[in-house]
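Have a look at the structure below before the remarks.
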Amino acid sequence: MSELEEEYRLEYFEEEGFYRKQCPVTGVHFWTRDPDRETCGEPPADDYTFIDNPGFDEEYTLEEMREKFLSFFEEQGHERIDPYPVAANRWRDDVLLTQASIYDFQPLVTSGETPPPANPLTISQPCIRMQDIDNVGKTGRHTMAFEMMAHHAFNAREEVGDEYAYSGEVYWKDDTVRLCDEFFESLGADISEITYIEDPWVGGGNAGPAFEVLYRGAELATLVFMSMKQDPDGEYHLKDGNNYSPMDTYIVDTGYGLERWTWVSQGTPTVYEAVYPDMIDFLKENAGIEHSDEEEALIHRAAMLSGHLDIDEIDDLATARADVAGELDVDKDELTALLRPLEDIYAIADHCRTLAYMFGDGIVPSNVGTGYLARMVLRRTKRLVDNLGVDAPLDELVDMQAERLDYQNRDTIRDIVRSEERKYRKTLERGSRRVQQLADDYAERGDPIPVDELIELYDSHGIQPDMVQEIAEERGATVDIPDDFYSLVADRHEQVDAETVTAEQDDRLGDLPATDKLYYDDQERTEFEAVVLDVFEREEGYDVVLDQTMFYPEGGGQPADHGTLSTDDATVEVSDVQMEGDVVLHRTDDDPGKGEFVRGQLDVERRRRLMRHHTATHVIGHAIRTVLGDHIRQAGASKGVDRSRLDVSHYERITREEVKQIERVANEIVMRNIPVKQEWPDRNDAESKYGFDLYQGGIPPGEKIRLIHVGSDVQACGGTHVKRTGDIGAIKVLNTEPVQDGVERVVFAAGDAAIEATQRTEDALYEAGDVLDVNPEDVPETAERFFTEWKERGKTIDRLKTELAEVRAAAGADEIDIDGTPAVIQRLDGDADELRATANALVEEGKVAVLGSAAGGSAQFVVGVPDGVGINAGQVVGQLAQKVGGGGGGPADFAQGGGPNVDVLDDVLDEASDVLENVLNA
RNA sequence: GGGCCCAUAGCUCAGUGGUAGAGUGCCUCCUUUGCAAGGAGGAUGCCCAGGGUUCGAAUCCCUGUGGGUCCA
């Protein structure tokens, strides 16, 4: 079967007298100590046999089991490592959430680029797997949030020497399996019941042999031996259809599900009861759920069969549920009615833990990234809580988990939950009003609500189709939700991805040595000497490579330095500086000459401004955190000469009062004139000392990283900084704006730029004061008075126009007689309002009104006709307007129009009586 | 990061290029004093901002601002 078969023949199995067998139900190969065993141990081959029949000596709580595991592996020579955040994007930029313990060490450690924090090590890593969301609560074993207990060993082949950050073999397959057996034994398990299923592992471009470890029907561990990488010419063809070849590094990657182990030790019907006993009791009581002994027994029997349920593997939960009911000999509706509320309770408990992890780790709800995932989980949880009829506020439920997980920012977590709940409630209110109107509409016409409307409601307004159905039914409208609703939504989003820009790489660059970066040695220096190693001619200008440089290349949100390079004969301007690999390219307007000796001179003023802004960015980030809370993270930054901007994660708009507070805190740091220090510590040391908040501005590569200290604020940063905070001069927030949901942009200026910005604002105020002829401080009050007065005058003018119109109408202009109806044809150079008012006044008197105006540079007509007169005002206007080169129209009793030819207005009005005659009774 | 939707009276929203509306709330008066009472009258507005198209824009187009929502 598997080409990896040889990989599974371990000496350890040999020594221990294991048998290799093939399961008649699932077809997989597995190893067991039990000569009589036939099946592999995994559902559907075997049911859960640990329920009400715990598999270990004692029952363990989650905390006890975690400690048991970690201390066991500590005793076996592993170093215990603190868990990483669940927001994996805090140390790597290729994934959003931590889904396994190995994520902590990808990609830099697994590739051998940086050493692991310890080797071998053990850890219990909180993880979130969103893909399990539909299974949660229903299968009895799936949780979205879980802790993966693990031990890892990082090995490198002896023959590759010290090419990698670790070398030699710590241990490999035999010891890994032995450790697993011994851990089982330490808990008092019957190791003859354990089966090791051969299950090659593939993921993320790597692969290797692996065992699934089964005990009494439960998969308790996965032992992965990561040893291959994807390679088209590789000798191993694996289940994902790709070829793989061996790597120089090989890594023991184990995963022991803490929740599963706890569950098996307790033998409760579901994993949830073992993990969340308090919360489940609370929810049951709150929702008023009680079971008779008989019902309780049924729940336990159903639980043993629930290993067969997995939304991913069975298409239809209802059918699977019916099968279970059949086997238990009960009515399936009865069973569903009994289990459904429990499933909701389980899901709520799990989701609340997920939310506690997310918000505890500083994720802020948003329309993008991890924030969006958090929002989805929160809304789903809210719906479950409401459906179940639990009246406890969601922030309290999440807080129960946050407290258990020992998060320090519980107030912020509750704040975020409340704020997000408020937003969701508003969305629902808006949504249901919308649906009600729509439903009334379609109910009246007797049509069903079309699918298009459903998609629109969901996609643009966030209203779930089942909510539409619910409201529609109340209103007597019908809805048909297609089975493939969500794929219809997906179709709507389908589009071609933006083409990826392929960067051109100049081959000659690869041969050049890394440029020596002088800008870190002395950030105050602005002159240096260097040798021109090479010059590349570009479409516009030249790229000059030096052996060393003071010029800072664009990076980390800091723009490039400008300046000059001079030989004895000539000076070239440097207008841009970029980093290609390790080589710094200076974009110049002329060729300084390869091999020349040059003097570099920075544009000092520009560099100083950039340095002030860069240090100010750290200071203001710290100030924002101080004012708004620890959840504040940098979501992007850009430094400039005149202004800089810092994007931070935050769940509400920043108020004016908060901005002032931020300015005060930031400038206090400036005034305290704190020294700004840099250091280059080892990456692991830095991480363990300061945590992942170091990586506010992105994740740098390499074994050593550069840290910038500004007082208590520490960040990994490659930019140039002033020596002391006092050198910043001043920090002024210019503006805050939402850049996306959950991310606020703070625009600010530092040093002279801050002064200039303040002066600009003051100038605007002074000018406004000049215009209003008042002191600057009186501008707001005066502006308000003027605005109010202006509005009142508008109303007065309207009233006067109406009065004027009545007077004009009563003044009795020349009237003609059209078929017994008096008509007034008059030129009156007013605006459209005046013409309308006058026409209305004439119509009130029973007269036909034809008014023309040349005001505003164009000819305009208004025609009014009293009730019961056989003249179509629209036609009259149409004909008149045509004569002035325009058009017009309106209802039969009142129309307006016009055209550009003002010159002929009088002539056209002269012809108006003829037009009226023509149109009469037409 | 991308898509879509929205912005009109204090609030909720109608308004398909031709005189800015409804419900609710508000003010005044009347009738009643049984809980979201009834009747009459009145005031509501830079129709988000700026440009464009047009004789004419709340309405169509572009840009911006603010809000919402879905997806990766």
Side-chain angles (χ1 to χ4, degrees), chain A residues 94-96 130 365-373 375-376 379 423-424 426-434 436-438 440-441 452-465 485-498 635-636 653 735-741 743 786-788 790-795 798 801-802 805 831-841 843-844 849 852-864 873-874 877-878 880-902 905 908:
Chain A
D94 55 337
V95 292
L96 296 177
M130 295 289 293
S366 163
N367 61 332
V368 294
T370 50
Y372 181 63
L373 300 180
R375 171 168 290 170
M376 288 301 98
R379 292 187 172 190
K423 285 183 192 174
Y424 187 43
K426 278 190 150 181
T427 297
L428 289 182
E429 281 168 10
R430 246 194 316 269
S432 59
R433 276 197 302 266
R434 207 179 179 90
Q436 281 170 17
Q437 282 170 6
L438 202 71
D440 287 348
D441 241 32
D452 276 359
E453 295 277 12
L454 286 183
I455 294 176
E456 170 72 15
L457 283 169
Y458 177 70
D459 200 26
S460 297
H461 304 285
I463 307 160
Q464 313 276 337
F485 178 79
Y486 289 96
S487 62
L488 289 175
V489 175
D491 287 347
R492 201 176 154 157
H493 291 275
E494 198 165 280
Q495 52 154 34
V496 195
D497 282 354
R653 294 301 312 269
N735 185 29
T736 66
E737 52 187 352
V739 40
Q740 58 188 216
D741 211 8
V743 179
F786 275 34
F787 187 59
T788 313
W790 172 79
K791 285 194 286 190
E792 273 164 13
R793 280 181 196 199
K795 280 180 233 171
D798 278 350
K801 276 181 186 169
T802 312
D831 62 24
D833 280 341
E834 282 175 71
L835 295 191
R836 274 199 295 263
T838 309
N840 280 334
V843 169
E844 285 285 304
S853 164
S858 69
Q860 291 168 60
F861 300 103
V862 169
V863 175
V877 164
L880 292 175
Q882 208 167 25
K883 295 175 195 286
V884 293
D893 61 337
F894 192 93
Q896 42 198 314
N901 304 334
V902 184
L905 177 62
V908 173

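These figures come from a predicted structure and were not determined experimentally. Reminder, nothing fancy here: chain letters follow the sequence lines and each chain counts from 1.
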Show, in sequence, the C-alpha distance, side-chain angles and deciding distance for A:T736 and A:R653, and conclude whether the side-chain contact (heavy atoms from CB on, under 4.5 Å) test is met.
CA-CA 9 Å; A:T736 66; A:R653 294 301 312 269; 4.2 Å; yes
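- Of the side-chain N and O atoms in A:S460, none sit less than 4.0 angstrom from OP1 or OP2 of B:G3.
- Between B:U59 and B:G17, the two P atoms lie 11 Å apart (nearest whole Å).
- With both ends at atom C1', the span from B:A58 to B:G21 equals 12 Å, rounded to whole Å.
- With both ends at atom P, the span from B:U32 to B:G68 equals 50 Å, rounded to whole Å.
- Nucleotide B:C60 forms a pair with B:G52, judged by Watson-Crick or G-U wobble geometry with both contacts under 3.5 Å.
- For the pair A:L373 CG and B:A72 P, the interatomic distance rounds to 9 Å; values are reported in whole Å.
- The side chain of A:Q896 places no N or O atom within less than 4.0 Å of a non-bridging phosphate oxygen (OP1 or OP2) of B:U19.
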Are A:Q740 and A:N367 close enough, and set up right, to give a side-chain contact (heavy atoms from CB on, under 4.5 Å), and what steps lead you there?
CA-CA 7 Å; A:Q740 58 188 216; A:N367 61 332; 3.8 Å; yes
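- Judged purely by atom type and a 3.5 angstrom limit, A:S432 uses its side chain to pair as donor or acceptor with the backbone of A:E429.
- Ranked by how close their nearest RNA chain B nucleotide is to the 5' end, A:F787 and A:G886 are led by A:F787.
- Scanning atom types as modelled, one donor and one acceptor separated by under 3.5 angstrom connect the side chain of A:D459 and the base of B:G3.
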Set out, line by line, the N/O atom pairs under 3.5 Å between protein and nucleotides 62-67 of chain B.
residue, atom, partner, partner atom, Å
B:G67, OP1, A:R653, NH1, 3.1

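- Between A:R434 and B:A14 there is no side-chain polar atom (N or O) within less than 4.0 angstrom of OP1 or OP2.
- Of all nucleotides present, none satisfies the Watson-Crick or G-U wobble test against B:A72 with each distance under 3.5 Å.
- Nucleotide B:C47 forms a pair with no other nucleotide shown, judged by Watson-Crick or G-U wobble geometry with both contacts under 3.5 Å.
- For the atom pair CD1 (A:I463) and CZ (A:R430), the distance works out to 9.5 Å, reported to the nearest 0.5 Å.
- A:R836 and A:D833 are joined by a salt bridge, as a carboxylate oxygen and a charged side-chain nitrogen come within less than 4.0 angstrom of each other.
- Base pairing of B:U24: its partner is B:G10, meeting the Watson-Crick or G-U wobble criterion (both donor-acceptor distances under 3.5 Å).
- For the atom pair CD (A:E456) and CG (A:L438), the distance works out to 10.0 Å, reported to the nearest 0.5 Å.
- Two residues, A:G889 and A:D741, neighbour RNA chain B, and the one matched to the more 5' nucleotide by heavy-atom proximity is A:G889.
- With A:T370 contributing its side chain and A:L96 its backbone, the two residues share no donor-acceptor pair below 3.5 Å.
- Note on A:G898: a base of the nucleic acid sits closer than 4.0 angstrom, heavy atoms only.
- Separating the P atom of B:A49 from that of B:U65 is a span of 15 Å, rounded to the nearest Å.
- Remark: ring of A:F894 overlaps the six-membered base ring of B:U19 in a stacked fashion, centroids less than 5.5 Å apart, planes less than 30° apart.
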